[in-house]
Trainee: 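Just passing along the structure, written as structure tokens.
Note that these values count all heavy atoms, side chains included, but never hydrogens, waters or copies made by symmetry. Nothing fancy with the numbering, it's 1 onward along the sequence. The shown structure was predicted, so the numbers you read here are calculated from the model rather than taken from an experiment.
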Amino acid sequence: MSMNMQGRPTGIGTVGTAASGSALLPDEPLLFEIGDTGHSGVDLPEIELPHDRLGGFQRRTALDLAGLTEPEAMRHYVRLSRLNHSIDSGMYPLGSCTMKHNPRLNEKMARLPGFADIHPLQPVSTVQGALELMNQLARWLMTLTNTAAVALSPKAGAHGELLGMMAIKAAQAARGEGHRNTVLVPESAHGTNPATAAFLGYAVRPVPAREDGTVDVEAVKAALSPDVAAIMLTNPNTCGLFEPQVIEIARAVHEADAFFYCDGANFNAIMGVVRPGDLGIDAMHINLHKTFSTPHGGGGPGAGPVVLSAALAPFAPVPFIREGAGGLELVEHEEGEALGRITAFHGQMGMYVRALTYMLSHGRDGLAQAAEDAVLNANYVKARLEHLFSVPFPAFPAMHEALFDDSFLEGSGVTTLDFAKALIDEGFHPMTMYFPLVVRGAMLVEPTESESKQTLDRFCEVMAELAEDAKAGNTGRFTAAPVKAPRRRLDETRAARQPVLKWEKPPELPRAAE
Ligand SMILES: *Cc1c(COP(=O)(O)O)cnc(C)c1O
């Protein structure tokens with residue numbers, strides 16, 4: 001946020017607001033502009049401290065927090081929340097992110113006091129139910145993937161990648177193969193894959209994508225060498241395609257004594273249908289917040305458990321749960337070859353409850369149906385739009401995502417970015433743009449299984465109408481968009497490079513009388 005002379009937020013790089021404060025969409029000021037710092041929003045009696053019990057460290061200056069009443073503070077945040085699109089207010093086809101509906105049953109279960117009000121340092125005998133839930137979740141994850149172990153504690157997909165690659169590093173060090181310093185990453189990979197490898201000190205060797213959007217086993221074989229520790233492959237991949245040679249790739253990687261790390265962020269397309277362990281994976285993170293429906297986006301908590309093959313199971317981190325004579329035990333200290341902790345405690349309890357609730361309410365057949373419906377919905381969108389849009393990889397059916405490139409916009413003066421912004425004016429969250437990088441001007445649409453045919457039809461009609469309008473040369477509608485959102489086009493690059501993170505009291509405003 002930047003400030004204008006009146007101290008009102010203008011938003012960095014904004015073209016201006018669409019409607020400067022209409023009744024239901026007020027132009028929301030900052031907390032400090034609603035409440036002044038000179039008084040408190042709650043009444044507390046004046047107190048005289050008889051003697052200093054803080055060893056001289058008590059605060060001497062004002063705290064300078066905005067003095068707000070509870071309703072003022074609540075209304076501020078509720079009004080802010082209405083400025084954002086959300087999965088609860090409209091379709092959110094953001095590819096790779098699996099923005100599916102979060103059933104309210106999950107929320108109800110996660111709020112049960114026996115799960116919500118426990119403390120990680122409580123005696124283990126008092127949290128047997130919570131441990132049993134974690135144990136059941138672990139069994140579901142291992143069964144759905146046909147793997148030997150699972151580490152529950154990583155707090156996001158990227159965190160899980162880090163853990164999985166640390167386990168691979170430890171396994172190779174234990175075999176005296178610490179010289180393996182290179183990781184193969186296909187060009188279509190999510191950015192977190194090469195970032196994880198580089199973070200652990202590996203050199204990243206790209207594997208080129210084939211014309212048809214998949215990875216060629218021959219290209220993998222050509223890239224394999226004695227210094228390769230692992231391949232990090234996403235399946236289904238970020239082009240929304242199931243890798244047809246995944247088994248051959250796993251075999252080639254194992255023949256070179258390297259490991260197969262699978263990015264499992266797209267597990268929603270295959271859960272209950274394909275077990276990644278059967279394909280030869282050694283480690284794979286599962287984004288519980290994506291596949292098993294917990295609210296995410298906007299920085300909410302996530303959970304990225306990592307399933308491990310028998311070869312990597314001994315290198316799982318602590319803590320883990322073990323069945324003992326007196327009930328479930330929590331192994332908190334390193335034993336044998338186990339890695340240390342990857343996070344302070346056991347992970348995200350609320351996410352575990354939501355994920356297991358989702359699994360139990362669907363059952364194994366229901367999970368498979370959800371995956372099949374996600375694939376069906378994506379193919380429906382693709383089939384309805386492919387005559388107007390351009391499909392970069394027509395050779396294969398889509399999995400859970402429909403991917404378009406920008407060649408249908410050629411000569412129109414409209415870019416992928418403009419097109420996505422125009423979608424905001426129509427009440428939809430934009431699709432993922434310019435990712436995967438191997439596709440020019442990519443538009444990655446992931447409708448998920450949650451959307452009804454009616455909603456998909458409405459979305460397809462809007463997409464088709466926009467495509468026809470762009471081709472007809474009605475550029476202004478796109479380059480000016482969004483015009484119906486609380487903020488217009490933001491300079492996102494400037495916002496990222498020059499963030500203004502601190503509110504400065506505008507000098508023009510005199511301080512409230514003390
Ligand atoms: C979301 C995603 C990740 C990262 O997961 P986070 O939970 O956001 O850290 C990695 N790979 C792919 C393909 C993803 O879609």
Side-chain angles (χ1 to χ4, degrees), residues 1-21 25-42 57 59-87 89 92 94 96-97 99 155-159 162 190-192 195-196 198-199 289 295-302 304 343-344 348 417 420-421 424 429-430 432-435 482 485-512:
M1 288 279 178
S2 59
M3 296 291 153
N4 66 16
M5 294 307 282
Q6 283 75 48
R8 311 287 294 173
T10 59
I12 191 161
T14 50
V15 178
T17 50
S20 259
L25 217 54
D27 192 4
E28 187 60 19
L30 299 179
L31 274 179
F32 289 94
E33 296 162 322
I34 307 171
D36 64 74
T37 56
H39 76 280
S40 164
V42 292
F57 286 114
R59 169 172 284 281
R60 294 183 203 287
T61 53
L63 201 48
D64 266 357
L65 289 179
L68 296 179
T69 63
E70 184 170 318
E72 284 171 328
M74 182 191 67
R75 286 173 189 154
H76 172 71
Y77 288 108
V78 169
R79 286 193 301 250
L80 278 184
S81 75
R82 286 204 265 154
L83 301 183
N84 251 342
H85 189 92
S86 68
I87 184 65
S89 58
Y92 205 137
L94 190 67
S96 216
C97 298
M99 306 303 288
K155 297 210 174 175
H159 199 200
L162 183 70
H190 194 265
T192 50
T196 298
F199 190 74
H289 44 291
H296 63 289
T343 178
Q348 305 280 21
L417 179 75
K421 296 294 179 191
I424 297 175
H429 191 284
T432 288
M433 299 176 287
Y434 301 104
F435 175 80
R487 297 279 158 196
R488 295 250 178 119
R489 192 79 66 98
L490 302 175
D491 184 344
E492 284 147 2
T493 312
R494 213 180 117 212
R497 299 223 169 129
Q498 301 164 14
V500 181
L501 301 176
K502 192 170 168 220
W503 180 76
E504 304 279 0
K505 201 176 190 74
E508 290 80 7
L509 290 181
R511 260 186 104 84

Trainee: Any side-chain heavy atom of F199 sitting closer than 4.5 Å to one from T192?
Mentor: no
Trainee: Could you tell me whether the side chain of H289 and the main chain of H296 form a donor-acceptor pair under 3.5 Å?
Mentor: no
Trainee: Heavy atoms only: give me the nearest L417-R489 pair and the separation to one decimal.
Mentor: CD2-NH1, 3.6 Å
Trainee: Could you check whether any side-chain heavy atom of L68 comes within less than 4.5 Å of a side-chain heavy atom of H76, counting everything from C-beta outward?
Mentor: no
Trainee: Please report the interatomic distance CD(E492) to CZ(R497), rounded to the nearest 0.5 Å.
Mentor: 12.5 Å
Trainee: Of all heavy-atom pairs between I424 and P430, which one has the smallest distance, and what is that distance?
Mentor: CG1-CG, 3.6 Å
Trainee: Just wondering, do I34 and E28 contact through their side chains at under 4.5 Å, heavy atoms?
Mentor: yes
Trainee: Side chain to side chain contact (heavy atoms under 4.5 Å, CB included) for H429 and M99? Distances and angles first, verdict last.
Mentor: CA-CA 10 Å; H429 191 284; M99 306 303 288; over 6 Å; no
Trainee: So how far is it from L80 CG to L30 CG, rounded to the nearest 0.5 Å?
Mentor: 9.0 Å
Trainee: List the atom of L31, the atom of Y77, and the distance in Å for their closest heavy-atom pair.
Mentor: CD1-OH, 3.3 Å
Trainee: Atom CG in L162, atom NZ in K155: separation rounded to 0.5 Å?
Mentor: 14.0 Å
Trainee: What pair of heavy atoms forms the shortest contact from S89 to H85, and how long is it?
Mentor: OG-C, 4.0 Å
Trainee: So do D64 and F32 actually touch side chain to side chain, heavy atoms under 4.5 Å?
Mentor: no
Trainee: Specify the closest pair of heavy atoms between G35 and A66, including all atoms of both residues, with the distance to one decimal.
Mentor: O-CB, 3.7 Å
Trainee: Can you name the closest pair of heavy atoms from H190 and S96 and give their distance?
Mentor: CD2-OG, 4.4 Å
Trainee: Please test R487 against L83 for side chain to side chain contact (heavy atoms under 4.5 Å, CB included), starting from the C-alpha separation and ending with a verdict.
Mentor: CA-CA 9 Å; R487 297 279 158 196; L83 301 183; 5.9 Å; no
